[in-house]
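Worksheet: one structure, shown below.
In the text below, chain A, chain B and the rest are named by the order of the sequence lines, each starting its count at 1. Every heavy atom of this structure was used, including side-chain atoms; hydrogens, water molecules and symmetry mates were not.
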Amino acid sequence: MLFARRDFPMFSPFMSSSDRRKPYPFDVFEPQWQAYWARNATFRVANPGEPGFDAARPKYYVLDMFPYPSGAGLHVGHPEGYTATDIIGRFKRMNGYNVLHPMGWDSFGLPAEQYAIKTGQHPAITTAQNVARFKTQLQKIGFGYDWSREIATSKPAYYKWTQWIFLKLYNAWFNPATQKAEPISTYTGPDPDRVRLAYVSEAPVNWCPELGTVLANEEVIDGKSEVGGFPVERRPMRQWMLRITAFAQRLIDELEGLDWPQSIKLLQQNWIGRSEGAEVHFSLEGSDRKITVFTTRPDTLFGATYMVLAPEHHLVDEIAAEDQWPAIRDYRAKTARKSDLERTELAKEKSGVFTGAYALNPVNGEKVPIWIADYVLLGYGTGAIMAVPAHDERDLEFARKFELPIKLVVQAPSKTLEESRGFCDNGTAVNSGFLDGLPTPEAKARIGAWLEERGLGKRTVNFKLRDWLFSRQRYWGEPFPIVWENGQHRAISESELPLTSPELADFKPTGTPEPPLSKATEWVRYSATATRELNTMPQWAGSCWYYLRYCDPANADRFVSEEAERYWMGGGKPGSKPGGVDLYVGGTEHAVLHLLYARFWHKVLFDLGYVSTPEPFQRLVNQGLIMGEDGQKMSKSRGNVVNPDDVITDYGADALRLYEMFMGPLEQSKPWSMTGVEGVSRFLARVWRLVMQENQASEWEMGPLSAEAALDKAQQRVIHATIKKVGEDIEALSFNTAIAQMMVYVNTFTAVSPRPVAALRTLLIVLNPFAPHLTEELWARLGAKFGGFEGLVADQPWPEYDPALLVEDEVEIPIQVNGKVRDRIVVAKDADKAALEAAALASPKVREFTGGKTIRKIVVVPGKLVNIVAA
RNA sequence: GCCGAUGUGGCGAAAUGGCAGACGCACCGGACUUAAAAUCCGUUGGGAUUCACCUCCCGUGCCGGUUCGAGUCCGGCCAUCGGCACCA
């Protein structure tokens with residue numbers, strides 16, 4: 001290993017005098033170590049079957065949410081999660097794991113394209129520039145990524161497989177009998193196009209005129225686009241959809257086994273929005289048509305006094321009375337014109353129009369009027385409701401406004417019937433015929449059975465989740481591997497992949513629903529009779545499976561080899577954990593977007609036998625937001641954005657890393673503080689000066705060190721307590737307390753001269769995952785003079801601690817009287833109860849407080865405290 | 001409205017039900033220096049009392065409970081932040 005030393009940075013250029021102001025010469029050695037790691041591919045990890053692969057080691061897959069390479073460059077929020085995973089990755093490496101820790105670029109999609117439009121350059125060029133910039137920035141922080149696995153979703157070699165997965169979706173259906181995705185060939189029904197997981201639908205979609213594209217429900221927030229915050233309106237368009245709703249139940253059920261934050265699980269659960277209830281058929285007066293409604297409260301059927309259809313409901317055309325048509329037409333037009341934003345803003349005031357038609361309540365034959373109102377949504381349930389104004393807030397509001405009858409059918413516990421008006425919880429059925437006297441849950445069961453027996457309805461489950469609108473009218477995205485002929489779509493063959501985007505000088509959105517790809521007249525024509533699909537896939541497509549590609553990024557024959565997938569994703573071992581990425585760190589903003597979409601795709605691939613685990617991400621951790629120094633969210637307009645490059649220039653990469661971790665718990669949001677950065681920078685300088693000192697010529701030279709110095713008990717205790725605590729804290733992702741412990745360590749040995757080399761050695765190892773540059777530099781310098789510093793710190797095994805050295809011979813025990821500390825005594829660490837009790841009672845101060853009182857009880861916790869209860 | 005998270009010094013924060021405030025920032029004092037910066041050492045939750053380094057009282061958003069003992073557990077509120085929001 002010695003011959004390799006020549007290669008080490010410490011032997012290259014000297015510091016110039018202008019560097020003397022730096023607390024330690026990080027600006028010299030940090031870039032040198034980064035170059036060293038890159039040159040030697042230090043963090044490269046071999047796949048099974050490759051040279052250098054060590055099958056004896058366990059695997060650990062630690063993943064970051066890869067960034068959009070936007071024009072703005074990195075901000076300090078990125079390195080927070082990235083530093084956490086880097087520490088874990090380096091730590092696991094030192095503990096003998098094969099660590100997969102990759103990085104790549106989510107380089108397709110709106111942000112990249114908008115930046116390109118803004119700067120007037122082709123997105124391929126701006127994306128390449130942005131990627132180069134992001135990569136430089138990340139490398140300046142010294143992350144131990146295996147850069148040989150770098151991927152970019154916008155590269156044909158990558159998106160070939162995104163398109164390939166789309167074809168798998170297109171050629172699959174969800175078999176309700178098996179509750180699994182299966183090849184479309186197992187479908188025996190009449191029209192396969194009606195059950196494909198990727199299908200075309202003509203439906204009202206979220207159209208954003210400003211962005212010139214449609215958006216998924218998940219991308220619309222408060223009626224505005226998630227990107228840019230532009231208004232979104234509904235308009236019917238022909239679009240590609242993915243049948244994520246088929247997996248709704250499994251997406252809920254299979255959350256259970258995941259080690260995810262409870263809040264994210266709930267967010268997904270609520271977004272999927274399962275609700276149990278019943279469908280009830282109402283027959284129409286004077287017609288043989290039926291209206292089917294969905295309700296979660298079939299037990300209130302006797303209280304249904306009117307019905308409401310969504311304004312767009314197709315039955316309206318058939319049932320509306322002649323004289324009501326003008327009003328209905330008018331109301332429908334008004335509803336259609338409203339954007340989602342207006343519709344939610346006006347949510348307070350109920351509106352609607354009577355259709356002139358009546359339905360018959362199946363339970364008692366009563367005539368109930370049928371209205372239309374925009375508070376009933378076409379897309380949920382059946383687009384029709386039975387209104388029970390007595391026990392539903394919205395129905396009550398509506399009934400009051402339009403003076404519709406209100407019939408009380410549920411009595412609230414310990415209230416009169418009249419007081420039960422507007423009561424929406426569980427109570428007792430009244431005025432409900434054969435349901436009278438039943439508590440709500442039993443009434444629900446009874447009426448459900450009753451309806452089913454008579455064919456008047458059935459118990460059913462509904463989800464809020466909608467199918468995923470999967471096409472975008474953009475240039476910078478994956479083209480669909482689909483062609484159209486005679487109004488019919490069909491897949492192109494896998495051998496034609498990747499289907500690359502056409503070269504386009506003008507790639508801007510057309511401003512109409514016509515996608516920009518329509519401008520590529522040559523490309524569009526597939527054959528004499530067939531044309532290509534013009535839409536592109538959304539941003540999320542590439543990020544739905546990138547974690548799989550990292551396992552085998554250069555594979556030209558398969559999206560990931562079976563062997564690599566099984567090894568890194570870790571499934572298939574009976575009795576083991578469910579498998580998947582071992583640790584995934586990222587922000588909460590993807591709770592119902594990327595994280596839901598990726599789970600969906602993964603399940604499809606799992607069902608079809610392409611991956612070995614049902615879930616992609618075993619353990620998920622959300623890092624908190626980093627706020628500006630003013631406590632506000634960082635934003636350009638507020639001028640409180642911190643650029644990591646500046647921090648590195650002034651304090652170094654190690655200080656940036658350390659501060660990001662020392663700020664507070666990873667999951668919490670917290671404000672940035674430059675004086676805080678200075679604090680950790682001072683700490684790192686103290687570590688530097690444990691080894692180095694400045695001579696008269698202001699040059700750094702080795703300080704007084706001793707290889708022989710014996711460590712006293714207190715020093716040994718600090719060393720071993722630190723090994724223990726830092727190791728445990730890293731596992732628990734409590735990086736801030738790990739750093740605090742290392743500060744204690746450094747404070748202890750700052751006071752010691754000459755410095756015991758053994759203590760320095762251990763410190764460099766435990767500090768290495770946090771401050772890799774500084775520790776490698778000092779390690780190399782110590783290695784030039786002392787033994788035991790061979791190779792890289794990063795390659796050292798994590799030290800073991802000796803529990804025997806952790807315990808003190810004597811401990812100070814607080815003595816409480818009635819729960820208040822009155823004295824402290826020093827006793828042997830293993831003093832037993834009797835000895836402690838005697839010592840406590842002997843204390844003069846204790847006597848002072850117990851004098852004249854009766855001692856009722858003495859609580860003794862050996863090694864902890866004594867509490868005397870006196871009265 | 002519903003769901004979730006969070007409330008501890010001047011600030012970021014620590015505390016298996018067992019000495020509240022580790023560690024860092026800031027502040028103040030001391031050493032070194034012609035001086036400053038840097039560095040090193042030390043004080044710092046609030047209040048009362050004292051010549052004092054002694055001693056006492058109060059203190060983890062608020063109210064109550066469990067316990068020998070509560071920042072931590074239980075019940076009820078309040079505030080801030082985040083998500084969902086006419087989902088029948």
Notebook entry, point to check: Relative to the 5' end of RNA chain B, which residue comes earlier, A:A740 or A:Y659, by the nucleotide with the nearest heavy atom?
Noted result: A:Y659
Next item on the list: Name the nucleic acid region contacted by A:G679, choosing base, sugar-phosphate or nothing; use a 4.0 angstrom heavy-atom cut-off, strictly under.
Entry: sugar-phosphate
Check: Using atom C1' of each nucleotide, how far apart are B:U66 and B:C56 to the nearest Å?
Finding: 29 Å
Note to self: I want to check one thing: is the phosphate of B:A88, taken as OP1 and OP2, less than 4.0 Å away from some side-chain N or O of A:S275?
What the structure shows: yes
Checklist line | Same-atom distance (C1') from B:G24 to B:G75, integer angstrom | finding: 38 Å
Next item on the list: Classify every nucleotide of nucleotides 69-78 of chain B by which part a protein heavy atom approaches to under 4.0 Å, writing B for the base, S for the sugar-phosphate alone and - for neither, in 5'-to-3' order.
Entry: S---------
Note to self: Could you report the tightest heavy-atom contact between A:P23 and A:W700, atom names first, then the distance?
What the structure shows: O-CZ2, 3.6 Å
Next item on the list: For B:G76 and B:C2, measure between their P atoms and round to the nearest Å.
Entry: 14 Å
Next item on the list: Could you tell me whether A:N462 contacts a base, only the sugar-phosphate backbone, or nothing, with contacts defined as non-hydrogen atoms closer than 4.0 Å?
Entry: nothing
Next item on the list: Describe the nucleic acid contact of A:L865 in one word from base, sugar-phosphate, nothing, applying a heavy-atom distance below 4.0 Å.
Entry: base
Check: Just checking, any donor-acceptor pair under 3.5 angstrom between side chains of A:W468 and A:E218?
Finding: no
Item checked: A:Q269 vs B:C84: side-chain N/O to OP1/OP2 distance below 4.0 Å -> no
Next item on the list: Just compare B:C56, B:C23, B:C84 and give me whichever is closest to any side-chain atom of A:I221.
Entry: B:C84
Check: When we call it a touch if two heavy atoms are under 4.0 Å apart, what does A:S263 touch: a base, just sugar-phosphate, or nothing?
Finding: sugar-phosphate
Margin query: For a quick check of understanding: with a heavy-atom distance under 4.0 Å over all strands, which category does A:R856 fall into, base, sugar-phosphate or nothing?
Written below: nothing
Margin query: Could you tell me how far apart A:L666 (CG) and B:A5 (P) are, to the nearest whole angstrom?
Written below: 18 Å
Notebook entry, point to check: Can you tell me if the side-chain N/O atoms of A:R686 get under 4.0 Å from OP1 or OP2 in B:C40?
Noted result: yes
Note to self: For A:D374 and A:T335, which I'm curious about, is there any donor-acceptor pair between the side chains at under 3.5 Å?
What the structure shows: no
Notebook entry, point to check: How is A:V859 classified with respect to the nucleic acid when contacts are heavy atoms under 4.0 Å: base, sugar-phosphate, or nothing?
Noted result: base
Margin query: What's the gap between B:U8 and B:A70 when it is taken at their C1' atoms, as a whole Å value?
Written below: 14 Å
Margin query: What is the distance, to the nearest angstrom, from the CG atom on A:N695 to the P atom on B:A38?
Written below: 21 Å
Note to self: Can you tell me if A:K820 touches the phosphate of B:C58, counting only side-chain N or O atoms and a distance under 4.0 Å to OP1 or OP2?
What the structure shows: yes
Notebook entry, point to check: Is the shortest side-chain N/O distance from A:Y380 to OP1 or OP2 of B:A88 below 4.0 Å?
Noted result: yes
Check: For A:K670, which contact category applies under a 4.0 Å heavy-atom criterion: base, sugar-phosphate, or nothing?
Finding: sugar-phosphate
Item checked: salt_bridge(A:K833, A:E837) N-O dist < 4.0 Å -> no
Item checked: d(CG, A:L267; C1', B:C81) in whole Å -> 14 Å
Margin query: Rounding to an integer number of Å, can you tell me how far A:D823 CG sits from B:C54 P?
Written below: 13 Å
Next item on the list: Using the P atom on both, measure B:G4 against B:U55 and round to a whole Å.
Entry: 48 Å
Note to self: Assuming nearest nucleotide by heavy-atom distance, tell me which of A:E812 and A:R822 is located more 5' along RNA chain B.
What the structure shows: A:E812
Check: Checking all strands, does A:R274 fall into the base, sugar-phosphate, or nothing category for heavy-atom contacts under 4.0 angstrom?
Finding: nothing
Note to self: Between P on B:G12 and CZ on A:F683, what's the gap in Å once rounded to a whole number?
What the structure shows: 22 Å
Notebook entry, point to check: If anything within 90° of 0 is syn and all else is anti, what is B:G9?
Noted result: syn
Next item on the list: Using the P atoms only, state how far B:C41 lies from B:C23, rounded to an integer number of Å.
Entry: 13 Å
Check: Quick check: does any side chain N or O of A:S681 sit under 3.5 Å from a backbone N or O of A:Y651, one acting as donor and the other as acceptor?
Finding: no
Note to self: Strictly below 4.0 Å: does A:R682 bring a side-chain N or O up to OP1 or OP2 of B:A38?
What the structure shows: no
Note to self: Determine whether a donor-acceptor pair (N or O, by modelled atom type, separation under 3.5 Å) exists between the side chain of A:N867 and the backbone of A:V860.
What the structure shows: no
Note to self: Rounding to an integer number of Å, can you tell me how far A:E660 CD sits from B:G24 C1'?
What the structure shows: 16 Å
Next item on the list: Please state how far atom CD1 in A:I291 lies from atom P in B:A88, giving the value in whole angstrom units.
Entry: 19 Å
Check: So, A:D467 and A:T245: side-chain donor and acceptor under 3.5 Å apart, yes or no?
Finding: yes
Next item on the list: With P as the reference atom in both, quote the distance from B:A31 to B:G69 in angstrom, rounded to an integer.
Entry: 50 Å
Margin query: Once pairs are restricted to Watson-Crick or G-U wobble with both distances under 3.5 Å, how does RNA chain B read as a dot-bracket string, [ ] for crossings and | for other-strand pairs?
Written below: (((((((..(((.....[....)))(.((((.......)))).)((((......))))..(((((..]....))))))))))))....
Next item on the list: Go through the steps for A:D729 and A:T737 under the test side chain to side chain donor-acceptor pair (under 3.5 Å), then give the verdict.
Entry: CA-CA 7 Å; A:D729 284 356; A:T737 50; 2.8 Å; yes
Check: Just how far is it from atom CH2 of A:W371 to atom OH of A:Y306, taken to the nearest 0.5 Å?
Finding: 9.0 Å
Margin query: Quick check on B:C40: is either OP1 or OP2 less than 4.0 Å from any side-chain nitrogen or oxygen of A:R689?
Written below: yes
Next item on the list: Using a heavy-atom cut-off of under 4.0 Å over every strand shown, decide if A:N747 touches base, sugar-phosphate, or nothing.
Entry: sugar-phosphate
Check: Taking CG from A:D392 and P from B:G1, how many angstroms apart are they, rounded to a whole number?
Finding: 17 Å
Notebook entry, point to check: If you measure from the C1' atom in B:C77 to the same atom in B:G10, how many Å do you get, rounded?
Noted result: 29 Å
